[in-house]
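Here's the structure, in structure tokens; my notes come after.
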Protein chains: 2
Amino acid sequence: MGKGQAAPEGAHAHHHHHHEPHEAEQLIAHAEQVCREKGLQFTPLRRRVFERLAASAGPLGAYDLVEQLGRERRISPISVYRALEFLMEAGLIHRIALRNTYLPCAHEHGAGETTVFLVCSTCGNVDELASSEIARDLAGTAAQVGFRPVSRAVELEGECQSCRESE
Amino acid sequence: MGKGQAAPEGAHAHHHHHHEPHEAEQLIAHAEQVCREKGLQFTPLRRRVFERLAASAGPLGAYDLVEQLGRERRISPISVYRALEFLMEAGLIHRIALRNTYLPCAHEHGAGETTVFLVCSTCGNVDELASSEIARDLAGTAAQVGFRPVSRAVELEGECQSCRESE
DNA sequence: GTCCCTGCTGTTATATTGTAACCGCAACGG
DNA sequence: CCGTTGCGGTTACAATATAACAGCAGGGAC
Ligand SMILES: [Zn+2]
Ligand SMILES: [Zn+2]
Ligand SMILES: [Zn+2]
Ligand SMILES: [Zn+2]
């Protein structure tokens, strides 16, 4: 589909994430460390998938990755999905359910925090925030009916500040 | 795929929603009223789609509806999707992003409330709760970074009480 | 060494979910 | 009558995701 950012690379017109080479390197270094610590294999394929996500200006769809990685050598969708599954289980990336896209995790996740994804309908960027209030309220809401949550998807769709400022 | 509940119909083994004929009728009556009030057309197709959702023990996928409605007369996916889109815009049904399924709305939605969906991984049922605390927290979180939310998806995946009690 | 087991990836084919484009038709108001 | 609008039928297709099976490398067990 082409969910990658159409935003002008290099231009600093608005707030954005992990497309600076520097930020990408940081993310990759972090991923390496996490895998070392957890005894997980950061294989070449998984690394390539993660690198693409880290280098992207915004979240990518699985088939964006298939296409981008396929420029060098043909990669099948299933391989990409397997890498994405690994990265998600390792906590290195997130999936945006509203868009069927994936993005590298921007920060450490505390146990008592819920991650909130702010998905801009205009520019496609996704911001990731953590909130312990929401974590507490969600836990309370679930407890009301005896529900034991295992995973959470909290996603807001709307317009980000920079898009709003440029109308 | 068959996302409809495999749960035993008729047996009241666990907490469930809108599969009693009575509840289904209530939902349909409510939908009729909403459409009348808003000047929307509750056409036969839209009604059939809604009826199926109202009669189901759990959320249904679009192709579940295609199959169920197709028993009488072939209905194309696009028609079902159009009906679903209408029903969502009318606020009569919700879509569960984590599962790509649809379910009738169980209650009125206040302006200052956020709906939380509790999706049981075991039985597939979805419970719908409203929380003004979460609405407030989400608004606050979004405001921190100047984000203006338009729609929200707050979905917890886990185990519901009845499934937990029967281990 | 050989054997087996596990984890990772490749290959092929398929399933599932969602849309585009175009058309006919009925209703409604000129 | 005529144009417009909304609804839904038909066909074809796009986008997302998974199943099933095979090879291969590494690491122990024997
Ligand atoms: Zn994160
Ligand atoms: Zn934006
Ligand atoms: Zn509702
Ligand atoms: Zn359950």
Side-chain angles (χ1 to χ4, degrees), chain A residues 1-4 31 35-36 38-53 59-70 72-90 92-103 124 153 157, chain B residues 1-4 31 35-36 38-53 59-90 92-103 119 124 153 155:
Chain A
M1 186 201 276
K3 290 157 161 170
C35 289
R36 250 195 323 269
K38 296 189 182 176
L40 302 173
Q41 302 190 44
F42 199 46
T43 64
L45 176 62
R46 292 166 178 174
R47 168 186 279 273
R48 284 211 299 279
V49 168
F50 187 80
E51 282 174 352
R52 289 291 177 172
L53 290 172
L60 296 178
Y63 278 78
D64 293 331
L65 290 163
V66 168
E67 188 195 348
Q68 291 189 20
L69 296 171
E72 329 168 6
R73 176 166 53 94
R74 166 70 189 170
I75 303 245
S76 71
I78 183 71
S79 290
V80 169
Y81 278 105
R82 286 193 284 226
L84 290 171
E85 185 183 6
F86 167 86
L87 294 168
M88 281 201 286
E89 285 180 0
L92 296 172
I93 65 173
H94 299 293
R95 177 188 146 98
I96 304 298
L98 287 175
R99 296 289 185 99
N100 303 322
T101 54
Y102 305 81
L103 80 165
E157 189 148 23
Chain B
M1 185 200 282
K3 289 156 161 170
C35 288
R36 249 194 324 268
K38 296 188 182 176
L40 302 173
Q41 304 190 42
F42 199 45
T43 64
L45 175 64
R46 292 167 180 174
R47 167 186 279 272
R48 284 210 300 279
V49 168
F50 187 79
E51 282 173 351
R52 289 290 176 171
L53 290 172
L60 295 178
Y63 278 79
D64 293 333
L65 290 163
V66 169
E67 189 194 347
Q68 291 189 20
L69 296 172
R71 295 210 187 104
E72 329 168 6
R73 177 166 50 93
R74 166 72 189 169
I75 302 246
S76 71
I78 183 72
S79 290
V80 169
Y81 278 104
R82 287 192 284 225
L84 290 171
E85 184 183 6
F86 167 85
L87 294 168
M88 281 202 287
E89 286 180 0
L92 295 172
I93 65 172
H94 299 292
R95 178 189 147 98
I96 304 298
L98 286 176
R99 296 287 184 101
N100 303 323
T101 54
Y102 304 82
L103 80 167
V119 183
E155 304 177 8

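Throughout, a chain's letter reflects where its sequence line sits, starting with A, and its residues are numbered from 1.
When rounded to the nearest whole Å, the span between CD of B/Glu85 and P of C/dA20 equals 10 Å. Atom P of nucleotide D/dA17 and atom CG of A/Leu65 are separated by 11 Å, given to the nearest angstrom. What separates OH of A/Tyr81 from C1' of C/dT16 is a distance of 11 Å, to the nearest Å. Per the geometry, CD1 belonging to B/Ile96 stands 18 Å off C1' belonging to C/dG18, to the nearest Å. Straight-line distance from the CD atom of B/Glu89 to the C1' atom of D/dC7: 14 Å, rounded to whole Å. In this entry the distance linking CG of B/Asn100 with C1' of C/dA15 reads 13 Å, nearest Å.
No side-chain donor-acceptor contact under 3.5 Å links A/Arg52 to the backbone of A/Leu69. In this structure, B/Glu155 contributes its side chain and B/Ala97 its backbone to a donor-acceptor pair below 3.5 Å.
From B/Arg99, atom CZ reaches atom CG of B/Leu60 across 13.0 Å, with rounding to the nearest 0.5 Å. With values rounded to the nearest 0.5 angstrom, B/Glu51 atom CD is found 12.0 Å from B/Gln68 atom CD.
The minimum heavy-atom distance between B/Ala62 and B/Val80, with the atom names listed, is O-CG1, 3.7 Å.
Residue A/Tyr63 places a side-chain atom within donor-acceptor reach of the base of D/dA17, judged by atom type and a 3.5 Å distance cut-off alone.
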Annotated protein contacts, base or backbone, on nucleotides 7-13 of chain C with a non-hydrogen cut-off under 4.0 Å, one of B, S, - each: SSBBBB-

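Residue A/Arg99 places no side-chain N or O under 4.0 Å from the OP1 or OP2 atom of C/dG18.
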Apply side-chain contact (heavy atoms from CB on, under 4.5 Å) to A/Leu53 and A/Leu84, showing your working. CA-CA 10 Å; A/Leu53 290 172; A/Leu84 290 171; 4.1 Å; yes

